[in-house]
Amino acid sequence: MNAMPGQDAGQNRTLAQDAGHIRIFSSGHAARLAIRNGEYSGPTAGIAPGLVQANLAVLPRALADDFFRFCHFNPKPCPVLAVTEPGDPRLPGLGQDVDVRTDLPRYRLWRKGEMVAEVADLKEVWRADLVAFLIGCSFSFEEALIEAGIPLRHIDAGTNVPMYRTNIETVPAGPFRGPLVVSMRPMKPADAIRAVQITSRFPAVHGAPLHIGKPEMIGIKDIMKPDYGDAVAVHEDELPVFWACGVTPQSVIAAMKPEFSVTHAPGYMLVTDLKNTALATS
């Protein structure tokens with residue numbers, strides 16, 4: 001792991017993944033405490049059934065208003081669930097004792113658009129001017145897909161969902177602009193139709209797919225080489241189904257190059273106490 005200047009990498013928890021299996025927690029608070037205490041450091045897909053998970057983007061206060069407008073202009077990839085006050089890492093509206101500095105398994109630190117480190121907490125780099133944005137995650141609608149009998153290959157394999165940068169441009173706001181990122185789940189055609197119906201009820205966590213089949217049409221050259229996450233096979237009787245993804249701010253940060261910013265590592269989310277069912281529309 002590369003450390004930020006002046007940072008003692010030994011002070012951070014190990015970043016080793018819990019590979020090959022998924023640990024299940026009884027509550028969001030239990031999951032966050034395990035992550036905070038270094039007892040769990042793997043991807044968060046499936047670890048807290050029924051609970052909303054969130055992507056993270058942290059920016060200096062001077063950029064926060066423009067980023068909020070960017071999210072407003074791009075609600076499919078960037079549906080905002082909560083925003084902190086400058087310098088305050090707490091988010092009581094998302095759950096008991098939430099601390100965005102410590103409660104995600106893995107963070108990415110960015111300098112001028114370049115990722116300079118992956119770390120297990122933000123204690124050494126947190127500043128009084130930082131504003132954290134929590135953005136809806138597609139993990140939240142996966143439970144509804146599973147309940148409908150639609151298999152999700154990355155869940156079954158215990159791996160991260162594959163994610164790709166596309167040739168679809170986001171709507172700019174101030175300095176924020178860049179390519180949209182999508183997550184992909186392979187499905188048989190009948191399951192894909194049902195998935196459209198199910199996920200349309202979850203606009204707060206990306207909603208319906210934005211593309212089905214023909215990945216080359218959205219700029220994906222090789223479906224087996226995701227830009228983020230882990231590759232999963234797409235069988236001959238399946239279609240790749242693509243949803244807008246909350247990793248989009250990372251492609252935007254790489255494009256606009258702010259002096260300093262923080263994101264979650266793709267697939268390593270904040271587990272909240274909110275119920276997925278609370279986000280569904282009738």
Side-chain angles (χ1 to χ4, degrees), residues 17-18 21-32 34-35 40-57 75-82 91 94-95 98 100 103-108 133-148 150-164 181-187 191 195-196 198-210 226 228-230 232 241-250 263-280:
Q17 291 189 27
D18 295 346
H21 64 89
I22 296 175
R23 183 174 171 186
I24 305 297
F25 294 93
S26 60
S27 69
H29 189 231
R32 292 192 298 276
I35 291 165
Y40 183 79
S41 59
T44 55
I47 72 169
L51 298 180
V52 172
Q53 298 193 27
N55 302 280
L56 176 70
K76 290 280 280 188
C78 301
V80 175
L81 298 177
L91 283 162
L94 294 185
V98 175
V100 295
D103 292 357
L104 286 73
R106 191 179 298 192
Y107 302 82
R108 287 184 167 182
F133 291 81
L134 281 302
I135 294 169
C137 170
S138 58
F139 291 173
S140 290
F141 62 61
E142 289 182 337
E143 179 184 55
L145 295 177
I146 293 170
E147 287 181 352
I150 299 174
L152 299 177
R153 188 150 299 136
H154 67 286
I155 294 287
D156 293 340
T159 60
N160 204 346
V161 67
M163 293 160 274
Y164 309 83
V181 174
V182 293
S183 60
M184 188 279 291
R185 294 156 186 82
M187 295 179 181
D191 286 340
V196 171
I198 292 169
T199 58
S200 294
R201 297 178 54 237
F202 291 87
V205 284
H206 308 306
L210 57 80
Y228 315 93
D230 301 310
V232 297
V241 184
F242 300 94
W243 277 265
C245 179
V247 174
T248 297
Q250 299 192 27
T263 66
H264 68 292
Y268 296 75
M269 312 295 184
L270 175 71
V271 179
T272 77
D273 292 349
L274 303 179
K275 299 288 188 181
N276 288 326
T277 52
L279 299 183

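Quick note: residue numbers are just sequence positions, from 1.
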Practice item. Could you walk me through whether I146 and L152 pass side chain to side chain contact (heavy atoms under 4.5 Å, CB included), step by step? Key: CA-CA 7 Å; I146 293 170; L152 299 177; 3.8 Å; yes

Exercise for review: Could you walk me through whether T199 and L145 pass side chain to side chain contact (heavy atoms under 4.5 Å, CB included), step by step?
Suggested key: CA-CA 8 Å; T199 58; L145 295 177; 4.0 Å; yes

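The backbone N or O of T263 sits nowhere less than 3.5 Å from a side-chain atom of Q250 that would complete a donor-acceptor pair. Remark: the backbone N or O of A208 is paired with a side-chain donor or acceptor of K76 at under 3.5 angstrom. Between the side chain of D230 and the backbone N or O of T159, no donor-acceptor pair lies under 3.5 Å.
Not counting sequence neighbours, T272 has no partner by the side-chain hydrogen bond (donor to acceptor under 3.5 Å, both in side chains) test. Under the side-chain hydrogen bond (donor to acceptor under 3.5 Å, both in side chains) criterion, H264 pairs with N55, not counting sequence neighbours. Not a single side chain to side chain contact (heavy atoms under 4.5 Å, CB included) links P75 to another residue, sequence neighbours left out. The side chain to side chain contact (heavy atoms under 4.5 Å, CB included) search around P77 returns N74, L180, A244, T248, not counting sequence neighbours. Residues forming a side-chain hydrogen bond (donor to acceptor under 3.5 Å, both in side chains) with R32 (at least two apart in sequence, or on another chain): D273. Checked against side chain to side chain contact (heavy atoms under 4.5 Å, CB included), N276 has the following partners two or more places apart in sequence or in another chain: V52, S140, E143. Residues meeting the ring-ring contact (aromatic ring centres under 6.0 Å, His included) test with F141, sequence neighbours left out: W243. Checked against ring-ring contact (aromatic ring centres under 6.0 Å, His included), F133 has the following partners two or more places apart in sequence or in another chain: F67. Residues satisfying the side chain to side chain contact (heavy atoms under 4.5 Å, CB included) test with L51, not counting sequence neighbours, are A48, V271, K275. In terms of the ring-ring contact (aromatic ring centres under 6.0 Å, His included) criterion, Y228 has no residue partners (sequence neighbours excluded).
For the pair R23 and Y40, the cation-pi test (distance below 6.0 Å, angle within 45°) is failed.
Here the closest heavy-atom approach between residue G246 and residue P249 is recorded as O-CD, 3.0 Å. In terms of heavy-atom proximity, H206 sits nearest to G136 at NE2-O, 2.8 Å. The minimum heavy-atom distance between G267 and M163, with the atom names listed, is N-CE, 4.4 Å. Taking each heavy atom of Y268 and S41 in turn, the nearest pair found is CE2-O, 3.4 Å. Across all non-hydrogen atoms, the minimal contact from L279 to P203 is O-CD, 4.5 Å.
Side-chain contact between L274 and L94: present, with at least one pair of heavy atoms (C-beta onward) separated by less than 4.5 Å. At a threshold of 4.5 Å between non-hydrogen side-chain atoms, the residues V232 and V161 do not count as touching. The side-chain heavy atoms of P226 and Y164, taken from C-beta on, include a pair separated by under 4.5 Å. Inter-residue side-chain proximity for V241 and P186 is flagged as unmet; no heavy-atom pair is nearer than 4.5 Å.
Once rounded to the nearest 0.5 Å, the distance linking CG of L104 with CD of Q53 reads 9.5 Å. R153 contributes atom CZ, which lies 10.0 Å from atom CE of M187 (distance to the nearest 0.5 angstrom). For the atom pair I47 CD1 and F139 CZ, the distance stands at 9.5 Å (nearest 0.5 Å). Atom CG of L81 is separated from atom CG of L270 by 9.5 Å, given to the nearest 0.5 angstrom. Note that the NE2 atom of H154 and the OG atom of S183 stand 8.0 Å from one another [nearest 0.5 Å]. Considering CD1 of I35 and CZ of R106, their distance stands at 12.0 Å, rounded to 0.5 Å.
Within the structure, salt bridge (charged side-chain N to carboxylate O under 4.0 Å, His left out) contacts touching residues 45-54 (residues at least two apart or in different chains) do not occur.
Checking S138 against R185 by side-chain atom types alone, a donor-acceptor pair falls below 3.5 Å.
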